[in-house]
4 protein chains.
Amino acid sequence: MRTVGSRGPKTMEAIMAAGVRLIYEHGYDALTLRQLAREVGLQPGSLYNYIETKQDLLVTLLRGHLTRLLVDVDQALAGVQDPLEKLRVFVEFHLMDHMVRKADVFIANSELRSLEPENRREIVSLRRAYERRLIDTLDECVAQGRLAPINTHVAAFAIIAMVTGICAWYRPDGPLTKAELVRMHTDMVFSGLPIPDEKK
Amino acid sequence: MRTVGSRGPKTMEAIMAAGVRLIYEHGYDALTLRQLAREVGLQPGSLYNYIETKQDLLVTLLRGHLTRLLVDVDQALAGVQDPLEKLRVFVEFHLMDHMVRKADVFIANSELRSLEPENRREIVSLRRAYERRLIDTLDECVAQGRLAPINTHVAAFAIIAMVTGICAWYRPDGPLTKAELVRMHTDMVFSGLPIPDEKK
Amino acid sequence: MRTVGSRGPKTMEAIMAAGVRLIYEHGYDALTLRQLAREVGLQPGSLYNYIETKQDLLVTLLRGHLTRLLVDVDQALAGVQDPLEKLRVFVEFHLMDHMVRKADVFIANSELRSLEPENRREIVSLRRAYERRLIDTLDECVAQGRLAPINTHVAAFAIIAMVTGICAWYRPDGPLTKAELVRMHTDMVFSGLPIPDEKK
Amino acid sequence: MRTVGSRGPKTMEAIMAAGVRLIYEHGYDALTLRQLAREVGLQPGSLYNYIETKQDLLVTLLRGHLTRLLVDVDQALAGVQDPLEKLRVFVEFHLMDHMVRKADVFIANSELRSLEPENRREIVSLRRAYERRLIDTLDECVAQGRLAPINTHVAAFAIIAMVTGICAWYRPDGPLTKAELVRMHTDMVFSGLPIPDEKK
DNA sequence: GATGAATGAGATTTCATTCAT
DNA sequence: CATGAATGAAATCTCATTCAT
């Protein structure tokens, strides 16, 4: 007996969507393929028409998330010249994106340790590339005197840690809108950085 | 071959220490009791002289970490009157503590989802109590006009997120000393907050 | 090495048959699923394609035995009008059935204590329904004056105890045929009951 | 720390009493020595000051029950000359005894299969010796013409099965007194046997 | 593409038993 | 005589994965 209605490409999408959700809720190790199969209306064995192994599912998910993130951040930064403005755009983009994609972000941060070494290397390097966008922007700021000389690596990690942290507790039905949260955190980031006064 | 001698309490400590380390490295679900037993030189079944279940191990670990954290933070804050000074003490304590206890901190943040509902409630409420220390301090600052009116909950979460984030990448053999990191982050926290100028 | 071919239903039957036999020989608690699996040519884990738990195996077995027993006894009694004749039919049916199905009968009597409370209730009520057939028949006998007034519950239990007891030692290769045993016990039952003389 | 008050011979008795009760309730296999130890206020290891193995506990229990049974039945029969009277005494003794010692009787009937071969042989032969008392009595009856010629083995088993069966459902708080039950069953036994009329 | 049956490895947990103290 | 710590074997059950149909 074949379940009607969950065929082909749609099935693949359903598997990925359910995969993200279940890993987010239970963790990669606690996720069972039986659970995943049930969720998308298949028998466990049938998943193997779509994924090669459980590990492969995780890698595919993380790779997809991070490549999309890179594409999107580059698109957001494209055409922005002023480095301080670039910094603002990055922070705003990161906040909006991470509030919307809570689950993807969470597993990208917490399931690195579940990756086999080779896969881990690949995913970590994608993440580094993303962080690089912020470090480069800070370096530009310093180079152009828009920021006092600082350890831009440390600053970048602190900024990312803070703004990423918010996705750990942001809830769409909470008392603050996304726009408000974005403004508040952007303010904190900017006032936390040593920006020299400029002559008007 | 049986290890001779009554090594009770020492074995308990060894189990807990190995437990933290292995959960930190592999995650609670990926940790096997076989592995843990091997690490402390026991047969798997012998662990049950010390813990009731695997879940019990996790709860004991987290409960121990958080109650110690509460005791220590209260001791650090004891006697400090000035609310801005209290804020500084909290931040410095948190940073020093979290850099030293990377592993405990990490599992307290990432393994909440591995707790059964009842245990989860207990641990979450301990964590809330700790966060409460910061929120209360911020409220005091605002009440005494040492801080412009802000949403102290949001600020507290942002601060904690940032300073906790550093334990994700701090490494004792890195280029910066603990003292330097503490100063840098304390600076960021304070310059990120709206502290009115005071007349001398 | 994997046994080829879809042997589903046959495997299920094999599991149930081996289950009855092994529980009969060793008892439910002493039965191990390893043993059962070996007996039907599977790996232990594969049993779980057919049963949900070990307890589930026992319940399925007992439920099957008792529902079959009820169906068969009703079929045997169907159409018999005379209550004394009904009594004879019941006793003969019970004896023949219990001699043939020694193992099922034995575990239905001895493994009730291995059932979890809910399952126990279900199985006990099936057994009560069976005993009810005999009590009702005795009541009819008394009502129609074919039997002097007696405590029909006590009589029913005594009869069942006696005729069931024989399955504890009946062996097909013994010196007495089934027919002989049936006649002997039926005689004992009838002469043990206060049947008034009837006028010819 | 030593538990006060459960020392020496009293401890041995407590272990045996708890052993009978727990085996009666849960079965020999389901009984754990931990449970037994808890019940008598000892640590599991301490049981080994009193028993050699778990199997040894069962054997000791069964041997004790059966030897006592033999002693008691012989005492009851001592001095009784008339074989029919002897039969009556046996049946009455058996009923009274088995109603009082439900638990011992039950495990003697149901846990034979838990005995290792050698132990089993010993216990079975004790049981045979007890049954022998009834068979011999029936043989005497036949020899003296007090009973029509019958297969005394079959009759003995049927009688024992019936009267033993009652201990499966007798409850001290039930509606019938022990005396009533004894009379009812003795009647059934006697009317079920072919006792020729005697001229006075 | 999907299923159902199977594998084989391994997980947590239980338990009888031992023995130095 | 009792304890506490340990063993080692085994029990039930789970799970990723395979593959003929």
Side-chain angles (χ1 to χ4, degrees), chain A residues 1-4 6-8 11-12 29 31-37 41-55 57, chain B residues 1-12 29-37 41-55 57, chain C residues 1-12 29-37 41-55 57, chain D residues 1-4 6-8 11 29-37 41-55 57:
Chain A
M1 207 178 332
R2 195 167 297 168
T3 311
V4 180
S6 63
R7 300 274 178 74
T11 305
M12 186 58 164
D29 274 294
L31 162 73
T32 75
L33 294 189
R34 279 163 160 73
Q35 206 182 1
L36 180 58
L42 289 178
Q43 294 297 319
S46 304
L47 289 175
Y48 286 82
N49 288 319
Y50 298 92
I51 61 173
E52 273 166 55
T53 62
K54 191 185 171 187
Q55 171 82 193
L57 170 69
Chain B
M1 205 182 329
R2 183 170 303 133
T3 311
V4 178
S6 181
R7 294 220 321 283
K10 275 181 197 160
T11 305
M12 185 58 160
D29 274 294
L31 161 73
T32 76
L33 295 187
R34 274 162 152 72
Q35 205 183 2
L36 179 59
L42 290 179
Q43 296 297 318
S46 303
L47 290 176
Y48 286 81
N49 286 324
Y50 299 91
I51 61 172
E52 275 167 55
T53 60
K54 190 184 170 187
Q55 171 82 191
L57 169 69
Chain C
M1 203 179 335
R2 184 170 301 133
T3 312
V4 179
S6 180
R7 296 221 321 285
K10 275 181 196 160
T11 305
M12 184 60 160
D29 274 293
L31 162 71
T32 76
L33 295 188
R34 273 162 152 73
Q35 204 182 5
L36 179 58
L42 288 180
Q43 295 297 317
S46 303
L47 291 175
Y48 287 82
N49 286 324
Y50 298 92
I51 62 173
E52 275 167 54
T53 61
K54 190 184 171 188
Q55 171 83 189
L57 169 69
Chain D
M1 207 180 330
R2 195 166 297 166
T3 309
V4 179
S6 64
R7 299 274 178 75
T11 305
D29 275 294
L31 162 73
T32 75
L33 293 189
R34 280 163 159 72
Q35 205 183 3
L36 180 59
L42 289 178
Q43 295 296 319
S46 304
L47 290 175
Y48 287 82
N49 288 318
Y50 299 91
I51 60 173
E52 274 168 54
T53 62
K54 189 183 172 188
Q55 172 81 194
L57 170 70

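Residue numbers start from 1 in every chain, and the chains themselves are labelled A, B, ... in the order their sequence lines are given, proteins ahead of strands.
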| Between A:Tyr50 and E:dA2, is there a side-chain N or O to OP1/OP2 distance below 4.0 Å? | yes

| request: To the nearest 0.5 angstrom, please state how far the CD1 atom of C:Ile51 sits from the CG atom of C:Leu33. | output: 5.5 Å

| field | Any residue meeting side-chain contact (heavy atoms from CB on, under 4.5 Å) with A:Gln55, in chain and number order, not counting sequence neighbours | value | A:Tyr28, A:Thr53, A:Val59, A:Leu115, A:Glu116, A:Asn119

| Measuring from B:Arg34:CZ to B:Leu47:CG, what's the distance to the nearest 0.5 Å? | 11.5 Å

| remark: side-chain hydrogen bond (donor to acceptor under 3.5 Å, both in side chains) filter on D:Gln43, not counting sequence neighbours, yields none

| task | Check if the side chain of C:Asn49 and the base of E:dA5 share a donor-acceptor pair of N or O atoms closer than 3.5 Å. | result | no

| Roughly, in whole Å, what's the span from CG in D:Leu57 to C1' in E:dA16? | 13 Å

| Side chain proximity check, C:Leu57 to C:Leu31, heavy atoms < 4.5 angstrom | yes

| remark: One should report the stems of DNA chain E, each a stretch of at least three consecutive Watson-Crick or G-U pairs at distances under 3.5 Å, as E:2-21 with F:2-21

| field | nucleotides 10-16 of chain F: protein proximity per nucleotide (B base, S sugar-phosphate only, - neither; heavy atom, under 4.0 Å) | value | -BBBBBB

| task | Please state whether the phosphate of F:dA6, meaning OP1 or OP2, lies under 4.0 angstrom from any side-chain nitrogen or oxygen of B:Thr11. | result | yes

| remark: D:Leu36 CG to E:dT14 P, in whole Å, measures 18 Å

| request: Please report, rounded to the nearest Å, how far the P atom of F:dG4 is from the CE atom of B:Met12. | output: 15 Å

| side-chain contact (heavy atoms from CB on, under 4.5 Å) involving B:Glu52 - partner list, sequence neighbours excluded | B:Asp56

| task | Report the C-alpha distance between D:Leu42 and D:Leu36 in whole Å, list the side-chain angles of each, state the deciding distance to 0.1 Å, and finish with yes or no for side chain to side chain contact (heavy atoms under 4.5 Å, CB included). | result | CA-CA 9 Å; D:Leu42 289 178; D:Leu36 180 59; over 6 Å; no

| said: What's B:Leu47 touching, base or sugar-phosphate or nothing? Going by heavy atoms closer than 4.0 Å. | reply: nothing

| query | Closer than 4.0 Å, any side-chain N/O of A:Gln43 to the OP1 or OP2 of E:dA2? | reply | no

| message | Strictly distance-based, threshold 3.5 Å: is any side-chain N or O of C:Lys54 a donor or acceptor partner for the main-chain N or O of C:Thr32? | response | no

